Protein chains: 2
Amino acid sequence: MTRDSLVSVLRAQGHRATRPRLAVHDALSAASGHLTAEQVAARVDGEVNLATVYRALSVLQEVGLVHSVRLGDHGSLSWELTHPDDHAHLVCRVCGDVDHHVGNAVEQLKDHLLSGHGFEATGVELVVTGVCVSCGADADGAPVPGAGATK
Amino acid sequence: MTRDSLVSVLRAQGHRATRPRLAVHDALSAASGHLTAEQVAARVDGEVNLATVYRALSVLQEVGLVHSVRLGDHGSLSWELTHPDDHAHLVCRVCGDVDHHVGNAVEQLKDHLLSGHGFEATGVELVVTGVCVSCGADADGAPVPGAGATK
DNA sequence: GTGGCTGCAAACATTTTGCATAACT
DNA sequence: AGTTATGCAAAATGTTTGCAGCCAC
C-alpha cells in the first residue's frame with residue numbers, strides 16, 4: 001500500500017492522516033508480521049506515545065487496514081496488517097516464531113459452516129500452537145536450549 | 001465426571017481436593033459452556049475468593065480438566081471443561097451466543113499441517129465470529145433490536 | 001502435625017480515558 | 001479557523017502475588 005492510498009483510505013472514512021497513524025502503519029508494514037502495541041511504540045521510538053499507538057491502531061482497524069489477534073498466552077494483543085486472505089497463525093512453542101499459513105482451510109471451514117449449519121462466518125481467528133519444522137527436527141519434545149519462548 | 005474421579009485426578013497429580021477447586025469445577029460443569037473467572041466467582045457466591053478462582057482454574061488446567069479460550073473482544077479469558085474433541089467456537093455477533101461446533105474440521109487441519117508442512121499441531125484455538133442461524137433468519141445484516149452483543 | 005491452600009490486599013500488566021495543547025484540513 | 005488528534009497522567013480492567021492463618025492429608 002502506497003503512502004497516498006493510505007492517506008486516502010483514512011480521509012475517505014472521515015479520519016485525518018496524522019503522523020502517528022502513518023508511523024504506526026509503517027511499523028506494522030515494515031515488521032511484516034505481528035507486533036504488540038508496545039512493540040509498535042518501540043519501533044517509532046520516542047515519536048509516538050503509547051496511548052496514541054492504541055488509538056491509532058483502533059482507527060486503522062476501523063478502516064480495515066489492520067486487525068488484532070491474540071497469540072499465545074501473553075496478555076497482550078498482537079496487530080498486523082489486514083491480509084486479503086484468511087490465514088492461520090502457527091505459533092511454535094519451542095522457538096516462539098509465528099508463521100502465517102495461507103491456505104484454503106479457512107475458506108473451506110467457512111463454506112462448511114454456512115452450507116451445513118447456516119452460520120454466516122465473518123471473522124475467523126485460528127491460532128495453532130505446536131512445534132514447527134525446524135524445532136521438530138532439532139529435538140522431539142525437548143525445547144531447544146536458549147530459545148525460551150514458553151513464558 | 002463424578003466427584004470421586006475429580007478428587008482422584010487432583011490427588012494423582014499431587015494436588016489437594018479442596019472446596020474451592022471442587023466448587024469451581026462444579027460451576028463450569030453446571031454452566032455447560034464458557035465462564036470467565038469472574039462469572040465463576042459469581043456462581044460460587046461468597047464462597048470463593050476471586051484470586052482463588054484464578055488459582056483453582058490454573059490447577060484444573062494443569063491437570064487437564066479445564067482449558068481457556070479467548071472469545072470475542074472482551075479482555076478476559078473464558079474457561080470451559082476440557083472436551084474430548086477439538087471444537088470450534090462460533091460466536092454470534094448479534095445475539096452473543098457461543099456455540100460449540102464439533103466436527104472433523106480441526107482434525108483435518110491438524111493432519112494437513114503435519115503432513116503438508118511438518119508443523120506438529122498440539123493446540124488449536126478456533127474462534128469464528130459471525131451470524132448464527134436464528135439471527136441470520138431474523139434480519140440479514142441488521143442487528144436484532146435490543147440484542148446488543150457487538151461491543 | 002505439616003505443608004499445601006485460601007483469603008485478603010496490594011502489585012502488576014495492559015488498555016482506556018480526561019483534558020489542555022498541537023496539528024491536520 | 002475550526003476541529004480532530006495527540007501527549008501526558010491517571011483510571012479502569014483483568015490477573016497475579018506476598019503473606020498470615022487454615023484445612024486437607
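Lettering follows sequence order; numbering is per chain, from 1. Only a predicted model underlies this, so the values are computations on that prediction, with no experimental measurement involved.
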Roughly how far apart are A:Asp97 CG and A:Cys132 SG, rounded to 0.5 Å?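 Rounded to the nearest 0.5 Å, the CG-SG separation comes to 6.5 Å.
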
Listed once per pair and sorted, the side-chain hydrogen bond (donor to acceptor under 3.5 Å, both in side chains) pairs that draw on residues 1-12 of chain A, sequence neighbours left out: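 Passing the test, one end in residues 1-12 of chain A: A:Thr2-A:Ser5, A:Arg3-A:Asp26.
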
Using a heavy-atom distance cut-off of less than 4.0 Å, which residues of residues 21-35 of chain B contact DNA chain D?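 None - not one residue of the stretch has a heavy atom sitting under 4.0 Å from the strand.
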
Which residues satisfy the side chain to side chain contact (heavy atoms under 4.5 Å, CB included) test with [X], sequence neighbours excluded?
X        : result
B:His117 : A:His101, B:His112, B:Leu113
B:Asp99  : B:Leu90
B:Val106 : B:Asp86, B:Lys110, B:Val124, B:Leu126
A:Gln39  : A:Leu35, A:Thr36

Using a heavy-atom cut-off of under 4.0 Å over every strand shown, decide if B:Ala17 touches base, sugar-phosphate, or nothing.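 Sugar-phosphate, backbone atoms only, no base.
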
What contact category does A:Val59 fall into here, base, sugar-phosphate, or nothing, at under 4.0 angstrom with non-hydrogen atoms?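 No contact at all - A:Val59 keeps every heavy atom at 4.0 Å or more from the nucleic acid.
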
Could you run through nucleotides 15-22 of chain C and give me one letter per nucleotide, 5' to 3': B if any protein heavy atom sits under 4.0 Å from the base, S if only the sugar-phosphate is that close, - if neither? BBBB----

What do you reckon, is CD of B:Glu38 surrounded by more than 12 foreign heavy atoms closer than 6.0 Å?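 For B:Glu38, atom CD is not crowded (no more than 12 foreign heavy atoms under 6.0 Å).
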
Determine which pairs satisfy ring-ring contact (aromatic ring centres under 6.0 Å, His included) with at least one residue from residues 38-81 of chain A, sequence neighbours left out, and list them in order.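 For residues 38-81 of chain A: none.
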
ring-ring contact (aromatic ring centres under 6.0 Å, His included): pairs with one or both residues in residues 2-27 of chain B, sequence neighbours excluded: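 Checked against ring-ring contact (aromatic ring centres under 6.0 Å, His included) - neighbours excluded - no pair reaches residues 2-27 of chain B.
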
Under the 4.5 Å side-chain heavy-atom rule for ILVMFWY, direct or indirect, which residues accompany A:Val127?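 Joined to A:Val127, directly or through intermediates: A:Val69, A:Leu71, A:Val91, A:Val98.
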
Is there a donor-acceptor pair under 3.5 Å between the side chain of B:Thr122 and the backbone N or O of A:Thr129?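 Such a contact is found between B:Thr122 side chain and A:Thr129 backbone.
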
Atom pair distance, as rounded to whole Å: CZ in B:Arg11 and P in C:dG3: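 Spelled out: CZ on B:Arg11 to P on C:dG3 is 19 Å.
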
Between atom CD in B:Gln13 and atom P in D:dA24, what is the gap in whole Å?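 Interatomic distance, CD of B:Gln13 to P of D:dA24: 21 Å.
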
Measure from the side chain of A:Thr18, starting at C-beta and using heavy atoms only, and say which of D:dA5, C:dT25, C:dT6 lies closest.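 Ranking D:dA5, C:dT25, C:dT6 by closest atom to the A:Thr18 side chain puts D:dA5 first.
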
Estimate the overall bend of the helix from C:dG1-D:dC25 to C:dT25-D:dA1 from the end axes over five pairs each, rounded to 10 degrees.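 The end axes of the helix from C:dG1-D:dC25 to C:dT25-D:dA1 are about 40° apart, to the nearest 10°.
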
Side-chain N or O of A:Asn49 closer than 4.0 Å to phosphate OP1/OP2 of D:dT6: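 Indeed not, no polar side-chain atom of A:Asn49 lies that close.
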
